[in-house]
Every structure is written in structure tokens, then in C-alpha cells.
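Structure record follows, encoded as C-alpha cells.
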Amino acid sequence: MRRFLRASLTTAVLFFAGSALAQAPAPAPVPDTMPFDIPYGTPISLERAKQVAEAAMAEAKKRNWKDAIAIVGPAGDLVYFVKMDGTQYASSRIAEDKAHAAAIFRRPTKVFFDQMETGHPYIATLAGVVASDGGLPIIESGKVIGAIGISGGSGPQDGVIAKAGADTVK
């Protein structure tokens, strides 16, 4: 009887293991070109960074949201920062981290959020990643000149404010 149970159990384990392997998703295809391969440009000036931040702050005020706004250069170094009255304390650091990630990875931080949400937790092992909406590269003439990071609201709210700022640069 024990041999029968052991054999039955072994058969069941092999069956389910085989089924799981058969249902494993195929690996993603290797892209032909580099994703987010945007060249870096001349770093954003202090005056331009201030204009970007002011546009973001105007949008936040219009919506009655309280945000921290960080503008960094293409290497992720802080150029300009402002925190609206009443913004939560944690947002100062988070806004700068979002801007830094958007600049050094040359992509919106929402990309990392989307990857985490779709079953790719390994993304969190990359140094400097912030998996939350609200960080956007600032692109001028097809080149990354910096990035904006917003924190204070939900991820989608932060994304709206970041876009308002980044859209001032063409």
C-alpha cells in the first residue's frame, strides 16, 4: 500500500510540475534597438529649471495639491527644488529620487512601476530605480537635458504635475 501511495504521489508531482513548466510564459523577444536610447544634451540651466518647476507648481496649485518638485540635470544632480507649504516631509527626498531615476535611466519612472505591476519584481534590484509615477525626463531637441520629479500625491497625481512641468520644454 505504501508503494502504491508513494508511486501515486510521485506521478502527481511530476504531472503538476510538467503542467507548470508547459504553462510558463515564453521569454520576451530581444529587441533590435536599445530602448530609451535618447542622447544626453547640455544640462538644463537654473533659469530653465525654475521655469519648469513654476509650471508644475502652477498646475499643483490649480488642483489644490501639495507637492515637492525637484529638477535635476542629465546626470541626476539637483539643479532646482521647491516644496509647497503643507507637503508631507517624505516627499522632498522622493521627488529628488524620482527626478534622478528619470534622468539616469532616460525614461519615465512609471515604466518601472508598470514592470513591477506586470510581474517583473527584479526591476527593484537595479540601483536608483523608483517604481512610481512622477519622474519624467526633460527632453529638448531630442536630447535629455534633465528630469523632473514630483512627490506629494498619488502616483498618477504626481505624473500629471510632472507632465505639466516637462511639457514647458520643447
Got a donor-acceptor contact below 3.5 angstrom from the S151 side chain to the I94 backbone?
no
T118 side chain vs D114 backbone, donor-acceptor pair below 3.5 Å
yes
Take M84 and K61 through the test side chain to side chain contact (heavy atoms under 4.5 Å, CB included) and record every step on the way to the result.
CA-CA 9 Å; M84 298 170 68; K61 284 181 179 178; 3.5 Å; yes
I need the minimum non-hydrogen distance between S91 and A68, along with the two atoms involved.
O-CB, 3.5 Å
Regarding E59 and K62, does a basic nitrogen lie under 4.0 Å from an acidic carboxylate oxygen?
yes
For T109 and V130, the nearest pair of non-hydrogen atoms, with its separation, is CB-O, 3.4 Å
Considering non-hydrogen atoms only, spot the tightest contact between V72 and A99 and give its length.
CG2-O, 3.5 Å
Would you please name every residue forming a side-chain hydrogen bond (donor to acceptor under 3.5 Å, both in side chains) with D158, sequence neighbours left out?
K98
Check salt bridge (Lys or Arg N to Asp or Glu O under 4.0 Å) between K170 and all other residues, then give those that pass, not counting sequence neighbours.
none
Give a yes or no on whether I38 and F105 share a hydrophobic cluster (residues Ile, Leu, Val, Met, Phe, Trp, Tyr; joining criterion: side-chain heavy atoms under 4.5 Å apart).
no
Verdict with supporting geometry, V111 and F36, side chain to side chain contact (heavy atoms under 4.5 Å, CB included)
CA-CA 11 Å; V111 169; F36 304 100; 3.8 Å; yes
Considering all heavy atoms, the nearest G128-A101 contact:
O-CB, 3.2 Å
So, does E54 use its side chain to make a donor-acceptor pair with the main chain of Q51 at under 3.5 Å?
no
Starting from V52, can I reach L136 by hopping between I/L/V/M/F/W/Y residues whose side chains sit under 4.5 Å apart?
yes
Minimum heavy-atom separation for A49 to V79, with atom names?
CB-CG1, 3.7 Å
From the list T168, V144, D167, I145, side chain to side chain contact (heavy atoms under 4.5 Å, CB included) with I138 holds only for I145
Going hydrophobic residue to hydrophobic residue with side-chain gaps under 4.5 angstrom, can you get from V82 over to W65?
yes
Check: Y40 side chain, A103 main-chain N or O, donor-acceptor pair, under 3.5 Å
yes
Across all chains, not counting sequence neighbours, the salt bridge (Lys or Arg N to Asp or Glu O under 4.0 Å) partners of E140 are R48
